[in-house]
Enquirer: 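Here it is: the structure, laid out below.
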Amino acid sequence: MRTLPFRLGIHPINWVGEDVREHGDHTTFEQIVDDIQALGLTGTEMGRKFPKEPSLLKTELSNRGIRLVSQWKSVLFTDSAWRDSELEHYRKHAEFLRDLGSTVISTCEIGGSLHFDPRRTPVEKEVQRLDERGWEQLADGLNQAGAIALQHGLKLTYHHHGGTVIESPEEVDRLMEMTDPSLVYLLFDTGHAYYGGGDPLAMLRKHRNRIAYVHLKDIREAVLEEARKEGSDFVTCIRKGVFTVPGDGCIDFDPIFRELLDMNYSGWAMLEGEQDPAVHPAREYAAKSLEYIGNVIDRIYQTHT
């Protein structure tokens, strides 16, 4: 693969599910990072099988030439009763990532989410959408958290996500409008953009000046269409296999990579599959996806010469 202005890494969710806990639950940390090293990749995110002790984690990763780029952080900024404790937890999270040499904090509001909100019990609607007060609280909380991240040399990158209050392209647009661009950045996720009803390329172009982190995920459109007809929730969609790695689904990544190159994106782009590794082996699918991405990049450079 040609040298890129941005860095390719991979998320451990390809090996061990985060939202669907049985996916790859037997997989060890050592297998994950050994596979990442064998794939020739040098960046990853924190996974639930990773050591929690910073010095041990740093040693294990550095011995394999791997860097911890980020870690997901759930927040409940839409609930004023949780605000102070959430910001304190965010500060500790930022300290942990700073000490590991990370660059961004993947951040997502879980208030109102059936799957992620600890206050929720099963109800008819998967997501309780935000009212005006909720929008204001979320924007204010993110601005405060973004300032904390900045103090620790990090960027808050907001992860628009299926099954949460910031899912559709319209919700992403409004969040970007309501937050401080010097404090709150966007984690652009190709798969979640499509899942949320948007055009990934259009979202990338519209918010190119706010994007500080990228997740590269593909969609099995037939699975998504079937799941929509059945009214399946987000976690059920994952179990059905709605997500896969780039090159194995319906998203056209040629214009997406072209746009990333044209905008001189220089951050990290993480390969994500989020599917059952017993059916779709993580290392095998990642290798095929890297080959696909290499071919995409070659085509782009050939058209520029």
Side-chain angles (χ1 to χ4, degrees), residues 6-19 29 32-33 36-37 41-77 82-110 116 138 141-161 164 166 175 179-189 192 210-217 265-272 274:
F6 56 89
R7 289 165 287 184
L8 278 176
I10 192 165
H11 200 296
I13 207 168
N14 292 276
W15 286 264
V16 176
E18 296 288 340
D19 302 320
F29 163 72
I32 296 169
V33 290
I36 292 173
Q37 182 182 30
L41 298 173
T42 58
T44 192
E45 282 200 28
M46 188 74 173
R48 63 185 175 94
K49 292 301 184 80
F50 283 30
K52 304 300 188 294
E53 204 284 310
S55 62
L56 175 60
L57 178 58
K58 185 181 294 186
T59 297
E60 292 290 338
L61 293 178
S62 63
N63 285 345
R64 296 170 174 85
I66 301 171
R67 178 177 181 176
L68 187 72
V69 176
S70 185
Q71 181 182 10
W72 168 283
K73 181 69 178 78
S74 301
V75 295
L76 259 171
F77 292 148
W82 290 63
R83 176 69 58 84
D84 291 345
S85 62
E86 287 290 278
L87 288 171
E88 181 56 31
H89 290 152
Y90 203 89
R91 187 180 304 279
K92 293 178 180 178
H93 194 79
E95 291 171 354
F96 171 79
L97 290 178
R98 176 202 60 196
D99 292 346
L100 268 295
S102 300
T103 56
V104 293
I105 304 180
S106 172
T107 305
C108 184
E109 171 66 35
I110 60 171
F116 310 120
L138 176 56
L142 289 172
N143 285 336
Q144 292 188 56
I148 292 171
L150 191 62
Q151 291 169 3
H152 292 81
L154 300 157
K155 288 182 177 180
L156 183 161
T157 55
Y158 192 88
H159 193 337
H160 58 103
H161 199 281
T164 73
I166 307 299
L175 187 72
T179 50
D180 187 334
S182 69
L183 299 175
V184 178
Y185 298 83
L186 183 64
L187 190 170
F188 168 62
D189 188 302
H192 283 282
R210 297 288 290 275
I211 293 169
Y213 193 28
V214 173
H215 282 177
L216 299 170
K217 188 189 285 100
Y265 176 71
S266 59
W268 283 92
M270 291 296 183
L271 212 61
E272 272 199 329
E274 198 166 2

Enquirer: How long is the span from the CD1 atom in I166 to the CD1 atom in I110, to the nearest 0.5 Å?
Expert: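 These two atoms lie 13.5 Å from each other.
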Enquirer: Rounded to the nearest 0.5 Å, what separation is found between the CZ atom of R210 and the CG atom of L175?
Expert: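 Reported to 0.5 Å precision, the distance equals 7.5 Å.
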Enquirer: Which heavy atom of P54 sits nearest a heavy atom of L100, and at what distance?
Expert: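 Here P54 and L100 meet closest at CB-CD2, 3.8 Å.
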Enquirer: Distance check, rounded to the nearest 0.5 Å: T107 atom OG1 versus L187 atom CG?
Expert: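 It comes to 8.5 Å.
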Enquirer: Sequence neighbours left out, what passes ring pair (Phe, Tyr, Trp, His ring centres under 6.0 Å) with W72? Give chain and number order.
Expert: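 In terms of ring pair (Phe, Tyr, Trp, His ring centres under 6.0 Å), with neighbours along the sequence ignored, W72 is linked to H159, H161.
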Enquirer: Sort and list the pairs that fulfil side chain to side chain donor-acceptor pair (under 3.5 Å) and have at least one residue in residues 45-57, not counting sequence neighbours.
Expert: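 Residue pairs with at least one partner in residues 45-57: H11-E45, D25-R48, E45-Y213, E45-H215, E53-S55.
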Enquirer: Output the distance between atom CD (E88) and atom CZ (R83), rounded to the nearest 0.5 Å.
Expert: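 E88 CD to R83 CZ: 14.5 Å, rounded to 0.5 Å.
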Enquirer: Would you confirm whether S70, through its side chain, and S106, through its main-chain N or O, come within 3.5 Å as a donor-acceptor pair?
Expert: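 Pair found, side chain donor or acceptor close to backbone of S106.
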Enquirer: Do any pairs count as a salt bridge (charged side-chain N to carboxylate O under 4.0 Å, His left out) and have a residue in residues 55-70, sequence neighbours left out, and if so which ones?
Expert: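 Sorted pair list: D34-R64, E60-R64.
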Enquirer: Can you name the nearest heavy-atom pair linking A212 to Y185, along with the distance?
Expert: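 Closest heavy-atom pair between A212 and Y185: CB-CB, 3.8 Å.
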Enquirer: Identify, with sequence neighbours excluded, every residue that meets side-chain contact (heavy atoms from CB on, under 4.5 Å) alongside P51.
Expert: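 Checked P51 against side-chain contact (heavy atoms from CB on, under 4.5 Å); matches are F29, L56, L57.
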Enquirer: Would you check if the side chain of N14 reaches a backbone N or O of L271 as a donor-acceptor pair within less than 3.5 Å?
Expert: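 Yes.
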Enquirer: Restricting to non-hydrogen atoms, name the atom on G43 and the atom on V69 that form the minimum distance, rounded to 0.1 Å.
Expert: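 Closest approach of G43 to V69, heavy atoms only: CA-CG2, 4.0 Å.
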Enquirer: Is the side chain of D180 donor-acceptor paired with the backbone N or O of N143 at a distance under 3.5 Å, no angle test?
Expert: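 No; judged by distance alone, with no hydrogens or angles, the pair does not exist.
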Enquirer: For Q71, what residues pass the side-chain contact (heavy atoms from CB on, under 4.5 Å) criterion, not counting sequence neighbours?
Expert: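 Residues passing side-chain contact (heavy atoms from CB on, under 4.5 Å) with Q71: M46, H93, F96, L97.
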Enquirer: Give, for atom CD of E95 and atom CZ of R98, the distance between the pair rounded to the nearest 0.5 Å.
Expert: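 CZ of R98 is found 5.5 Å from CD of E95.
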Enquirer: Check whether any side-chain heavy atom of T44 lies under 4.5 Å from a side-chain heavy atom of P12, and answer yes or no.
Expert: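 Answer yes - side chains close enough.
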Enquirer: Passes side chain to side chain contact (heavy atoms under 4.5 Å, CB included), I66 versus T42? Steps please.
Expert: CA-CA 4 Å; I66 301 171; T42 58; 5.7 Å; no
Enquirer: So, E86 side chain and F77 main chain: donor-acceptor pair closer than 3.5 Å or not?
Expert: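 Checked: no pair found.
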Enquirer: Looking at CD1 of I13 and CD of E274, how far apart are the two atoms once the value is rounded to the nearest 0.5 Å?
Expert: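 Those atoms lie 3.5 Å apart.
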Enquirer: Please tell me if the side chains of W268 and M270 come closer than 4.5 Å, counting only heavy atoms from C-beta onward.
Expert: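 A side-chain contact exists here, since the closest heavy-atom pair is under 4.5 Å.
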Enquirer: Hey, does L216 have a side-chain heavy atom less than 4.5 Å from the side chain of L8?
Expert: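 L8 reaches L216 side chain to side chain.
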Enquirer: Given side chains that start at C-beta, do those of D189 and E272 come closer than 4.5 Å, heavy atoms only?
Expert: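 The answer is yes; the side chains approach within 4.5 Å.
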Enquirer: Show me the donor-acceptor pairs within less than 3.5 Å that the side chains of residues 148-158 make with the rest of the protein, sequence neighbours left out.
Expert:
unit_1: Q151; atom_1: OE1; unit_2: R91; atom_2: NH1; d: 3.4
unit_1: H152; atom_1: ND1; unit_2: I148; atom_2: O; d: 2.8
unit_1: T157; atom_1: OG1; unit_2: I105; atom_2: O; d: 3.2
unit_1: Y158; atom_1: OH; unit_2: E109; atom_2: N; d: 3.0

